[in-house]
Amino acid sequence: DTEVTQTPKHLVMGMTNKKSLKCEQHMGHRAMYWYKQKAKKPPELMFVYSYEKLSINESVPSRFSPECPNSSLLNLHLHALQPEDSALYLCASSPNQGSPYNEQFFGPGTRLTVL
Amino acid sequence: GEDVEQSLFLSVREGDSSVINCTYTDSSSTYLYWYKQEPGAGLQLLTYIFSNMDMKQDQRLTVLLNKKDKHLSLRIADTQTGDSAIYFCAESNRGGYNKLIFGAGTRLAVHP
């Protein structure tokens, strides 16, 4: 299985809602990533988990809360988001974070709209 | 510093070759990557090149690396309509975490 899956594909939420994005991989990868991608822009790194521990937080607002329950799963909890948070949220995984060759496998993304 | 630059748009005729260019600034980058993103989809790794190589060929794809000028290119031979997508070059940052630093992406449009 060489796939990264993400659910849901699309999500519409209000500014007072709480929702979660989910990501799963079964490739035995030990590094997992959350990216945010606005239209016509490259992905921007948000968080990196390495061996289930948070290793990078790119100064992301606290209304985004990542969680890595085990080595296959990565969640992104959303609360009190703003309309400008509307974007495509991409999850990725790689064998590990420390090696110079760091091929990241991306999921299809969750298209988030905040009303 | 870390900066990756690409031209934003390229239009080619079906069957012609496409060349997408990229420049980067981090001379310590060890690996450079080309990713493809189709509309509404995630990113797919197309190919990569190690920084001590000048060229890498993989079927229709040829990557050229000029390390002195920090210039990377992706050539797609016999471009097909299915190649229409956004192409991102990316470098691995060596600052201990191997973050991928992406360029802005080049939109390739293939017309008949």
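These numbers come from the heavy atoms of this one structure, side chains and all, not from hydrogens, waters or symmetry mates. Values in this document were obtained by computation on a predicted structure and should not be read as measured data.
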Discussion item. Could you see if B:Val12 belongs to whatever hydrophobic cluster contains B:Tyr87? Use Ile, Leu, Val, Met, Phe, Trp, Tyr and a side-chain cutoff under 4.5 Å.
Written reply: yes

Item to complete: State plainly whether one hydrophobic cluster holds both B:Trp34 and B:Leu32, where clusters connect Ile, Leu, Val, Met, Phe, Trp and Tyr through side-chain heavy atoms under 4.5 angstrom apart.
Response: yes

Worksheet entry | Nearest-0.5 Å distance that lies between atom OG in A:Ser94 and atom CG in B:Leu45 | 11.5 Å

Discussion item. Would you say CZ of B:Arg107 has more than 12 non-hydrogen atoms from neighbouring residues, nucleotides or ligands within 6.0 angstrom?
Written reply: no

Discussion item. Are there over 12 heavy-atom neighbours, none belonging to A:Lys19, within less than 6.0 Å of that residue's NZ?
Written reply: no

Discussion item. Quick check: under 4.5 Å, non-hydrogen atoms only, which of residues 43-54 of chain A neighbour chain B?
Written reply: A:Pro43, A:Leu45

Item to complete: Using non-hydrogen atoms and a 4.5 Å limit, figure out which bit of A:Gln6 sits close to chain B: side chain, backbone, both or neither.
Response: neither

Worksheet item: Which heavy-atom pair separates A:Pro42 from B:Phe102 by the least distance, and what is that distance?
Response: CB-CB, 3.7 Å

Worksheet item: If you draw a 6.0 Å radius around CE in B:Met53, do more than 12 non-hydrogen atoms from other residues or ligands fall strictly inside?
Response: yes

Discussion item. Please determine whether residues B:Leu61 and B:Val110 belong to a single hydrophobic cluster, defined as Ile, Leu, Val, Met, Phe, Trp and Tyr linked transitively by side-chain heavy-atom distances below 4.5 Å.
Written reply: yes

Worksheet item: For A:Lys18, does the NZ atom sit with more than 12 other heavy atoms under 6.0 Å from it, leaving out its own atoms?
Response: no

Response to the item:
Distance col, row A:Phe106:CZ vs B:Leu100:CG, nearest 0.5 angstrom, shows 6.0 Å

Worksheet item: So do the side chains of B:Tyr35 and A:Gln104 get within less than 4.5 Å of each other, counting heavy atoms only?
Response: yes

Fill in: Cluster link B:Ile86 to B:Phe9, ILVMFWY, side chain under 4.5 Å
no

Discussion item. Report, in residue-number order, which members of residues 57-84 of chain A are under 4.5 Å from chain B by heavy-atom distance.
Written reply: A:Glu58

Item to complete: Under 4.5 Å heavy-atom distance to chain A, tell me which part of B:Leu43 shows up: side chain, backbone, both or neither.
Response: both

Worksheet item: Are A:Leu11 and A:Val4 connected, step by step, through hydrophobic side chains (Ile, Leu, Val, Met, Phe, Trp, Tyr) whose heavy atoms are closer than 4.5 Å?
Response: no

Discussion item. Heavy-atom cut-off 4.5 Å, strictly under: side chain, backbone, both or neither for B:Gln44 against chain A?
Written reply: neither

Practice prompt. Taking all heavy atoms of A:Glu103 and all of B:Tyr33, pick out the closest pair and write down the distance.
Written response: N-OH, 4.2 Å

